[in-house]
Amino acid sequence: MDAVFKAPLTPDQIKDQAKSFGADIVGIADGKVMNEFPPDPANPRRPSDVTDYDGGRAIVLGKRLLSGPTRLTRWNERHKYYNDEITMTMLEEAALETVLWLEKMGYPALIIPPTHVDPWLYFGKPAEHLSPLLSANHAAVEAGLGNLGLNGQLLTPEYGPRLMVTVILCSVDVEPDSRRTEALCHGPECGRCLKACPGDVVQHWDRDWEGCDRYRSPHGFKEVSDFLQKVLEAPDSEAQVKLVRSEESFNIWQSTLRGAGVITGCRRCQDVCPVGQDYETMLADVLNDIAEDNADKQSRLQNMISEESKGNLPASHAAQIRWIGKRSEQTES
Ligand code: SF4
Ligand code: SF4
């Protein structure tokens, strides 16, 4: 493209615009650095896998989750699903408005939504975990917005993990932000994400993502697929009609209508995390106690603490330390 049509822009102009469209926090990552450091080298998902021309910068927009729904302590409250889905809609609109503005300034840009997965990597197993086309959480770390916690969730100084992020790719030549190298997560000594997890899928600097999906997306494709199979296998047409008119069917329809319980779902690990300026002021009074905690979880956390005190960190930590950041006694490899 001819540079003459490109208006000169600064990082602050881009961030101010995105915020005026509804983003709460904005960071800018260098696409070249993201190409060089893919979060999972076996399945790299780099900006260069998406676009040959427009991945020079990854502009990451974050929208905070509402505190009211966070104060509902059951993981499967439909009010939470709906409120989060509306928040996601606003984040998507903010991203679209930002792209339209960038293009008006002469810079082609595209959105990589955090919920979009690669259909070529679906192999007929509805329960299998599918990763998004670009990890928005890792992009957010590269854009200086925060770093990853014990279960791989994105933590930010402002809202802890209580936010959603999306990515805009655009080769606008502005100075990228610096990655934060100091960890925000308090590690297994805190372990509140593990204690609160209803599926008990939080591991030592890792997560059983497939197990988590059953809670993060309770009315997602797996439930639809199981339900349709049940209808097909019902003994007669009367039983099939009964299933089609059932509450189960109604819930699937309601969820599909807006994505509530599909692209939104459990976020107990985000709710109870003490990181974030919002925790003490808006949440601590109702979230300090964790009903899902038990002796087995506490004993596993004690084990992790003991192993770490001997310098034994799991391979998952070493693989992700760039995005987890270092705690005082550790160095990045
Ligand atoms: S989203 Fe829910 S199931 Fe998944 S790790 Fe967090 S608390 Fe556990
Ligand atoms: S709840 Fe505690 S252990 Fe989990 S991510 Fe937050 S700070 Fe880290």
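Numbering of ligands and ligand atoms starts at 1, following listing order. Note: hydrogens, waters and symmetry copies are ignored here, and every other heavy atom, side chains too, is used.
Note: Asp24 CG to Thr87 OG1 = 9.5 Å, rounded to the nearest 0.5 Å. Note that CE of Met304 and CZ of Arg300 are 6.5 Å apart. Values are rounded to the nearest 0.5 Å.
Using a non-hydrogen distance threshold of 4.0 Å, Pro198 registers as a contact of ligand 1.
Near Gly191, with a cut-off below 4.0 Å to any heavy atom, the atoms of ligand 2 are 2 (Fe), 3 (S). Residue Cys212 has at least one heavy-atom neighbour below 4.0 Å for each of these atoms of ligand 1: 1 (S), 4 (Fe), 5 (S). Atoms of ligand 2 lying under 4.0 Å from at least one heavy atom of Val275, given by number and element, are 7 (S). The ligand atoms of ligand 1 that sit less than 4.0 angstrom from a heavy atom of Arg216 are 1 (S). Listed by number with element, the atoms of ligand 2 under 4.0 Å from a non-hydrogen atom of Gln153 are 5 (S). If you number the atoms of ligand 2 from 1 as listed, the ones under 4.0 Å from a heavy atom of Leu150 come out as 3 (S), 5 (S). Near His186, meaning under 4.0 Å from any of its heavy atoms, are these atoms of ligand 2: 7 (S), 8 (Fe).
Residues Leu96 and Met105 are members of one and the same hydrophobic cluster, defined by side-chain heavy-atom contacts under 4.5 angstrom among Ile, Leu, Val, Met, Phe, Trp and Tyr.
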Fill in: Verdict with reasoning, His204 to Glu308, per side chain to side chain donor-acceptor pair (under 3.5 Å)
CA-CA 10 Å; His204 197 185; Glu308 290 199 8; 2.7 Å; yes

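Taking atom 2 (Fe) of ligand 2 as the reference point, the nearest protein heavy-atom neighbour is Cys190 SG, 2.3 Å. Scanning the protein for heavy atoms near atom 1 (S) of ligand 2, the closest one is Cys193 N, 3.3 Å. Closest to atom 7 (S) of ligand 1 among all protein heavy atoms lies Cys269 N, 3.4 Å. Regarding atom 8 (Fe) of ligand 2, its nearest protein heavy-atom neighbour is Cys185 SG, 2.3 Å.
The backbone N or O of Glu85 lies less than 3.5 Å from a partner atom in the side chain of Thr89, making a donor-acceptor pair. Here the side chain of Lys297 pairs a donor or acceptor atom with the backbone of Lys195 at under 3.5 angstrom.
Proximity of Arg214 to ligand 1, defined as any heavy-atom pair under 4.0 Å, is not found for any part of the residue.
For the pair Gln320 and Asp206, the minimum side-chain heavy-atom distance is 4.5 Å or more.
Counting only N and O atoms by type, the side chains of Asp293 and Gln298 include a donor and acceptor under 3.5 Å apart.
Between Tyr81 and Trp75, the ring planes lie tilted relative to each other; the angle falls in the 30° to 60° range.
With 2.8 Å as the limit, Cys273 does not count as an N, O or S neighbour of atom 2 (Fe) of ligand 2.
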